[in-house]
Structures are given as C-alpha cells and as structure tokens.
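This report concerns only the one structure given below.
Here is how names work: the chains are called A, B, and so on, in the same order as the sequence lines, proteins then strands, and each is numbered from 1.
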Amino acid sequence: MTDLFIHDSAARTTRRFEPIDPNHVRMYVCGPTVYDLAHLGNARPVVVFDVLARLLRRIYPRVTYVRNITDVDDKINARSRESGEPIGAITARTTEDFHRDMAALGALPPDVEPRATQHIAEMIALIERLIANGHAYAADGHVLFSVPSFADYGKLSGRSPDELLAGARVDVAPYKRDAGDFVLWKPSDDATPGWDSPWGRGRPGWHIECSAMSWKHLGEEFDIHGGGHDLIFPHHENEVAQSVCAFPGHGFAHYWMHNGMLLVDGEKMSKSLGNFMTVRDILDKGWRFGEAFRLLLLRTHYRQALDFTMAGLEEAKAELDDHYAMLSRAPAAPGGGIASQLADWAVAPLLDDLNTPLALARLRDLRTLENAVTVGGSPAVAMERARLTVPPAPGVAAKAFREAAGVLGVAAWNADDWLKGRAPRADAAVPGAMLSAQVSHLQGQAVASGQHDEEADIDAAIAARLAARKAKNWAEADRIRDELKAQGIVLEDGPAGTTWRRA
RNA sequence: GGUCCGGUGGCCGAGUGGUCAGGCACAGGUCUGCAAAACCUGCUACGGCGGUUCAAUUCCGCCCCGGACCUCCA
C-alpha cells in the first residue's frame, strides 16, 4: 500500500496524508441535526466518509471516527412547537430513523457518536476558556466570540471579515461588539430547553458543540475534519476560531475535507428550499435501492456536485445486478497472491483523494475478468488494464472484487438474495450492527410477500418449461418464460441449467 | 455585489501537455431452439476566443453558461 493523498480544503491543494500518530488516526465528521428524516444530500457525507474510514482502517492499525448527533438546535425547538411532539421524542425518533437509513446505505456506524446534549459541560468549559483568553465576552445574557480577536479568522473559508460583512444577510444584533461576532451561548426562556451556566439558564450556539465534542473524543488536535462543502462558512470557520483560541498552540484539524453538494434539477437539495427527497423515499422503492443509491453517490467524485436523477439510480441498480450475477456464478477461490494483487490495484485510486469513479471502473474490470474465465469470452482487454499476463483462475478475480468492493462498501449483500430479491441477509463481512438495523427495517417486506411459496411456484414453472423444451415444444416453453417475465422474473438458460432472478 | 468551483462524445463520468478511461444507450458479431446472460467490435469528446509551447482538452488571460457560499443548510 502506498501513500494516501487527500485534498485539504484549508490548504486548497491535495496533500500527502501524514497522521499525527500513525498508530491512531482520528477523524471527525459533522453529523445530522435530528429534527427530520435524512434527505439525499445528508447521505452524501455519510457515505463518502464511510469509504474514507474503511480505507483508513485498511491502511492504519487504529482509526477513531467520530460523527456527532446534534440534538439541541432551534430547528428542533421550532419543530416541537409546530407539532406539539416533545423535543426528546423528536430527537430520539429521528436519531433512530437516521441510523436505520444510513445502515441501509451500507454505512458502518462511527466509532463514537456523541450527542450535543451530553456535552454541555464541555461546551461551558470551552466558553470559559475563550472568555479567559480574551476571545469571548458576555453581553445581555449571551456569550459571543470576538472575531477581531482572532487574526486568522476567515483563513479556512478564504475570505476577509470585511467581505463577510459586505454581503451579510442578517441584521446585526445590538449586543454584538463587532458585526461578525457569533453566538457561543444564548439565553433560553422557560418554554425553551436550557441548562444552567455561569451566564444564566441558556443553550449553546450552533458551532460550539463540534468544538466541544471533537475536543472530548479526539483531543485538541486531530487528523481529519469532514463535512459538506456548505459548512465551510460559517460553521467550520467558527469551529476553527473557537478551538484554536481555546487551545492556543494547537492546530485543531490537520486536514479539512468537504464533499460537494447533491443537486436535484440542477439546484442544491436542501430543507430550506423544500426540494428534497428523503433516503426513506428511495428505500420505499425496495431494499436494493439503498445500496444502489450508495453506488450512485460513489460514481461521482466526492468533491464534484452531483445531480441526482432517477435514471441514474436505476442505472446504479442495474450495475449492481450485474456485479451480483458475476458473484453468484464465481466459484470459491483462495485469497492472497493474484487475488490480493488485483484487489490492491482496484483500491489504489482511492489513495488519490478518494477517486471512487476510477476504483469502480476497475471493479468492473475485475467483473469482466471473472466473467470471461467462468462464463466464457476474452479477458484480454481487462487483463491489459489490470496488468496481468496470465488469466486468473476462476474465482480469483471475484475474490479480489469482494475485497475491493468491501473498501467501497458496495456489493455487500448475499448475491443470491440480491438477485432473487429475498429478504436481505448480509454476508458475514457485514458487521452485525449494520445487519440488525437493516434486517429489522426490511425483513418485514419479504416475509409478508409470501416469498417461499412464490419461489416454489417459480421453480415449478421452470420445471414445466424444461419439460416443454425437452419435447421441443418451443411455443409452450416461451409462453411460460413470458408469463414469468410479466411477473418481473427473468430466466437465464446456462450450461448448468436455468437460473432466475428478479428484475 | 464579493469569494469560490465547474463546463468532457446521445446520457452519466474519470483523467492527462504528445500514447486506453470506464459505464449506460445504440449498432454489429460469437454463443444459443429462440431469448437472456457473458465476451468481442464499432461509436473518439473535451463551452467560446486569444496566448504560451515543437505539441493544449490538459498551462495562462478574457468571455459565455451553470452551480455553491456570503452567519438556516450535508
């Protein structure tokens, strides 16, 4: 395994990744504010940084991946006022929905998933440090960060405080010393959640939670901080200001990574625009569309904008169908040797700032290699790209495929279950946490459909067709095939007999 | 208005100063009772105008178009 390079938003260039401690890589990614179902755009950073976490774990002996849950926020308060549902119920339910949806996208849980409400003490401690260091002040029940006190403010997002003010879209609160100052702590009235603090009963501002939680779980300084591109300003800019000023001499995050926005009809999908589609909407099309959506996300480089279309989702689903068909055909083969060499070749593009589209192209070459040696055909073109001089033995390319696909987190299901559209039963490679979350959500669908009886009917129809074919009664054989096709069952005649799959 | 990112073949989408991306769709072929699957072949593009260079899709400048951010946002 060679070196990893990642694009650092702060440096605005791609840098070789050099961990603070090669024996323990630490990463923080901004998680959801839990007041509503996750939309498609929310899923992008989850999937992107899931791939990064998998890659880091392949390279380094220990990785701590922290992704927070923001369960105190004025949007949550507003939702509660509108619906009458208690705040605790909203956040608990939405957190559970989020876990379920992300699991259905094949995202492994982070190592630590801190809740903002459980880190109020750390936030208060940070704010006290900032006041003591002369970077924050209390005013009118609020505590504000003093932007002019931090010379590097604006460095991350690449703007000067003057520019920021020129385009500011909000009125400046009277208690601010400087128009750019932002809230660390604000007072709560009796109807709003609040915690006792040196400045009275109140609640945290938006940015302080991430500074507090990354500090608590990763320390004053850590390797990678990730999130959506739209968080660079003000969220991440303010995080830097808070953390660096609270802990002078520490660099906070060494690398900043930001994923591009997911668009729909050419515009950013966002809750404020109301043009969003939820992950749940995708899953309602069938459990296989969870992984199809994950593949769709990875087919575009993470820093590019991605325009979501249903046609793209269907294409991703079809690609997975072909992958699983290959996997179900391939014989078992030992790992190591050529298999690991091919897996490394397929994964290698990820080392270049997570070039998932190229890695996926190599996965397709592994599929072609396997198909050529197990089904028949020429593996020459794929061999050339994979720099092979001899065709791999049957099963070897599939073995490599499984290993490389595991880093991308795709093609993780049992191949036969996928093809036959059965209740998902993940392969052993899929960790239990993911399995249980997916099965609990999805198992009901298949069981309710009376799947076992249906499969018996399909097998009977295939047997009847076989008899017709033996009698050279082609009309009857084709009639049976067409009848099954109308039910979404596709038959394939091969040398080893007839197989079927669900379209 | 300010800052930044992008415009690649019918569609999606990597990448590169000179030699292959890849996928989908489409067309043809091998195989097959037919079909499907699989494999093979074809389809050869880099928004516009200048500049640098022996050579630019790739570097620079300008223009056009799209998008993001400018204290709700993944």
Check: protein-nucleotides 17-22 of chain B nitrogen or oxygen pairs below 3.5 Å:
residue: B/G22; atom: OP1; partner: A/R385; partner atom: NH1; Å: 2.8
residue: B/G22; atom: O2'; partner: A/R364; partner atom: NH1; Å: 2.8

Check your understanding: On RNA chain B, nearest-nucleotide positions of A/D181 versus A/V375: which is more 5'?
Key ->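 Residue closer to the 5' terminus by nearest nucleotide: A/V375.
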**OP:** Nearest-nucleotide wise, let me know which of A/S270 and A/G377 is further upstream toward the 5' end of RNA chain B.
**Re:**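 The answer here is A/G377.
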Please tell me if A/T300 has a side-chain N or O lying less than 4.0 Å from either OP1 or OP2 of B/G13.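 Checking A/T300 against B/G13: at least one side-chain N or O falls below 4.0 Å of OP1 or OP2.
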Counting only side-chain nitrogens and oxygens, does A/N371 get under 4.0 Å of the OP1 or OP2 atom of B/A38?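 No, outside the criterion.
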Separation of [N] [atom2] from [X] [atom1] (nearest whole Å):
{"X": "A/K155", "N": "B/C70", "atom1": "NZ", "atom2": "P", "result": "22 Å"}
{"X": "A/H229", "N": "B/C5", "atom1": "NE2", "atom2": "P", "result": "9 Å"}
{"X": "A/Q304", "N": "B/G66", "atom1": "CD", "atom2": "P", "result": "18 Å"}
{"X": "A/K268", "N": "B/C4", "atom1": "NZ", "atom2": "C1'", "result": "14 Å"}

Can you tabulate the close N/O pairs, meaning under 3.5 Å, that link protein atoms to atoms of nucleotides 29-33 of chain B?
residue: B/G33; atom: N7; partner: A/R469; partner atom: NH2; Å: 3.4
residue: B/G33; atom: O6; partner: A/R469; partner atom: NE; Å: 3.3
residue: B/G33; atom: N1; partner: A/D478; partner atom: OD1; Å: 3.0
residue: B/G33; atom: N2; partner: A/D478; partner atom: OD2; Å: 2.8

Going by side chain to side chain contact (heavy atoms under 4.5 Å, CB included), name the residues that satisfy it together with [X], two or more places apart in sequence or in a different chain.
{"X": "A/A136", "answer": "A/L130, A/I131, A/V143, A/L184"}
{"X": "A/Q304", "answer": "A/T300, A/H301"}
{"X": "A/V112", "answer": "A/T64, A/V66, A/P114, A/H217"}

Would you say A/K186 has more than 12 foreign heavy atoms packed within less than 6.0 Å of its NZ?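 Yes, NZ of A/K186 has more than 12 neighbouring heavy atoms, counting only those of other groups under 6.0 Å.
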Which nucleotide in the list [options] gets nearest to the side chain of [X]?
{"X": "A/A372", "options": "B/U71, B/A74, B/C39", "result": "B/C39"}
{"X": "A/E315", "options": "B/A38, B/C24, B/G67", "result": "B/C24"}
{"X": "A/D230", "options": "B/A74, B/G6, B/C40", "result": "B/A74"}

- Item | NZ or CZ of A/R44 within 45° of A/Y302 ring axis and under 6.0 Å |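 No, a cation-pi geometry is absent between A/R44 and A/Y302.
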Can we say [X] and [Y] salt-bridge, meaning some charged N sits less than 4.0 Å from an Asp/Glu carboxylate O?
{"X": "A/R177", "Y": "A/D181", "value": "no"}
{"X": "A/E315", "Y": "A/R299", "value": "yes"}
{"X": "A/E85", "Y": "A/R93", "value": "yes"}
{"X": "A/R67", "Y": "A/D111", "value": "no"}

Its dot-bracket string being built from Watson-Crick and G-U pairs below 3.5 Å, with | for another strand and [ ] for crossing, RNA chain B has the pattern (((((((..(((.....[...))).(((((.......)))))....(((((..]....))))))))))))....
Report the residues that fulfil side chain to side chain donor-acceptor pair (under 3.5 Å) with [X], sequence neighbours left out, ordered by chain and then residue number.
{"X": "A/E96", "result": "none"}
{"X": "A/K285", "result": "A/E314"}
{"X": "A/D152", "result": "none"}
{"X": "A/E476", "result": "A/R479"}

Near RNA chain B, counting only heavy atoms under 4.0 Å, which residues of residues 72-81 of chain A show up?
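Within this stretch, A/K75 sit under 4.0 Å of the strand.
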**Asked** With a 4.0 Å cut-off on heavy atoms, is A/H207 in touch with a base, just the backbone sugar-phosphate, or nothing at all?
**Response**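 The residue A/H207 makes no contact with any strand.
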Once ring pair (Phe, Tyr, Trp, His ring centres under 6.0 Å) is applied, what residue pairs with a partner in residues 350-402 of chain A remain, sequence neighbours excluded?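 The answer is A/H323-A/F401.
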